[in-house]
Amino acid sequence: MRSRIRSSERIGWLVLALAVAGVASADEPAKWLERMNHALTTLNYDGTFAHWESGKVEMLRIIHRVADGTVSERLVSLDGSGREFIRTGASLTCYLPDKHVVLVERTPAKVSLLSGFPAINDQTARFYAIKEVARMRFNRRSTHLITVMPRDQYRYGYRLWIDDSTAMPLKTQLCDANGNVIEQLVFANLKVRSRIPDSAFRPSIATTGFQWLSNDSAPLKETVTAGTTVWNADHLPPGFHMTVRAAQTMPGSPGPVDHLVFSDGLASVSVFVETHVQTTSGEAVMESARVGSSYAFSTVVDGHKVTAVGEVPPQTVRFIADSVKAEKTSESARPAELAPLPGGPFAHSPPPH
Amino acid sequence: MNEELDSQLSAMFDNELPPAECELLARRLSRDTDLKSRWGRYAVIGAVIRAERGVTLDGMVAGRVSAALSSEPALSADAAQPAGRGLQYHWWQPLAGAGLAAGVAAVSILWLRGQAVPGGSHAVARAMTVVNSPLAALRVQSPLPSAGVTVPDSFVVPPVPRRPMMVVPATELADYVVAHSAFSWPVSRGNLLSALMVSEPGTSSTPAGSEKPAPGVQGNAIQNPK
């Protein structure tokens, strides 16, 4: 009798252990994504990578540093355009020597790059299949190949070769819903450093004669008062919901621009709403555009220009832009999904590592 | 045999292949998957060697990247069954897309050979982007051309807008992308900024109510507004 109990106890423990192991292994790929997010945003690193898109290959260098909570980042085109992007804290300066333009974008103060990424959770898993498909050597490093496959065609997927020791993605592929690679970043070399000097973040471009375009950040609209006109989307692609509502000025825009962000946990789409300057023809014009694998779609709604931009397929930005409407609010009808930063689905908890 | 084909492909991209041979090769290209794959690699390498967009990489690097890409199988489509209402996905779409893409690839070569295309190699690279996309190929309305049939130009050229192009200023689009990048997933942020750094935002416009642009197609615009 005693031995029978012992053996059933053993089986019970074994079943429990297997169940725990199963849960752990199912969670493991998502944890690797969180480790990667953490590494990308908190480590000091200096690397050179190839960017491949639409049959074009270009080499870029990235230098990233976090010191005293301030993020500094420099992205340099090593050939071709010679462009440089330098981020220091909330300010991102884009040097475009081929256009003789410098763009200065100041992010609203409450937006922190250290917190501005989603937690991978059950909601994410509803719209993406996240798996570790292999452990392999890549560029003489041990990596985990994690795939993030979209479950429909409203979002893109990823293949990520994540370094075992640093959790940095050594190779990243952006894929469509059928798994076809549409954009790729591959590090040729990557060094994680304990410190990087300030001199590494100075531009190498002389800007004499350049046109400077800058915006001034405005505080986030954390509350919506009764009677205010707010912009909202009446229906969205599956899984997307509003995560941010902000207001900011944009270079060249006469007034403040409403900035809404919709996310499914990984993919995100920004919608910018600004006063529309009538064209000479007076006819409503819809425009679509792309930057790399990201798409933008612009249309006119109630005298306002509505532009959706995101790293999603073109049908998704169009879907969202077409759904945006102006609404008059009342105290009781305040949109429940308003989530001033930081918080909501973009809240970050330090990943275990 | 492979060397001979490689030589013909190379000559085709250098615009040195006689028209009759070019037509034969294009027909073979529509049937031969391996040859189609090699054609894609030639296009990439050719674009790099011709230093399009200021690319100054040596051909080896581009070749390695391109070869690595083409040797990697697509992710399983099993996990990518659509859940959305608006889009229907059928098992035959990738096959039909591949078949159509092959056909359209052949047609595009014939078309490109027959046109004095402004922009030269740029136009080749753009056409390759268009025709290699199964989604783009699926949007072709006409039946597949068979050998010997006169090919309409519309297979290659995206639909012409009914009104003149209106270009979103590149700086305005760049600013939207930069503002959006602050709210993106770190991996996406890297992609966004890298793409912004290396590419010229392309814009296509259509009047309200007209058909939307084909997914994956840049339209006929890589504009230099300023």
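Since this is a predicted model, take the numbers as computed values, not measurements. Residue numbering restarts at 1 for every chain, and letters A, B, ... go by the order of the sequence lines.
- Between Phe183(B) and Ser268(A), the shortest heavy-atom distance links the atoms O-OG, 3.6 Å.
- With a 4.5 angstrom heavy-atom cutoff, Ile62(A) does not touch chain B via any of its atoms.
- Only the side chain of Phe49(A) comes within less than 4.5 Å of a heavy atom of chain B; its backbone N, CA, C and O stay farther away.
- If you tally non-hydrogen atom pairs under 4.5 Å between each of Leu75(A), Leu185(A), Leu60(A) and chain B, the highest count goes to Leu75(A).
- Among Leu33(A), Leu174(A), Thr172(A), the one residue that satisfies the side chain to side chain contact (heavy atoms under 4.5 Å, CB included) test with Val187(B) is Thr172(A).
- Looking at Glu183(A), only its side chain comes within 4.5 Å of chain B, counting heavy atoms on both sides.
- Heavy atoms closer than 4.5 Å to chain B are found in the side chain of His259(A), but not in its backbone.
- Both the backbone and the side chain of Phe85(A) come within contact range of chain B, with heavy atoms under 4.5 Å apart.
- Between Val178(B) and Cys94(A), the closest side-chain pair of non-hydrogen atoms falls below 4.5 Å.
- Val133(A) does not touch chain B: none of its heavy atoms, backbone or side chain, sits under 4.5 Å away.
- For Thr307(A), the part sitting under 4.5 Å from any heavy atom of chain B is the side chain, from C-beta outward, and nothing else.
- Closest of all the heavy-atom pairs between His180(B) and Ser270(A) is ND1-OG, 2.6 Å.
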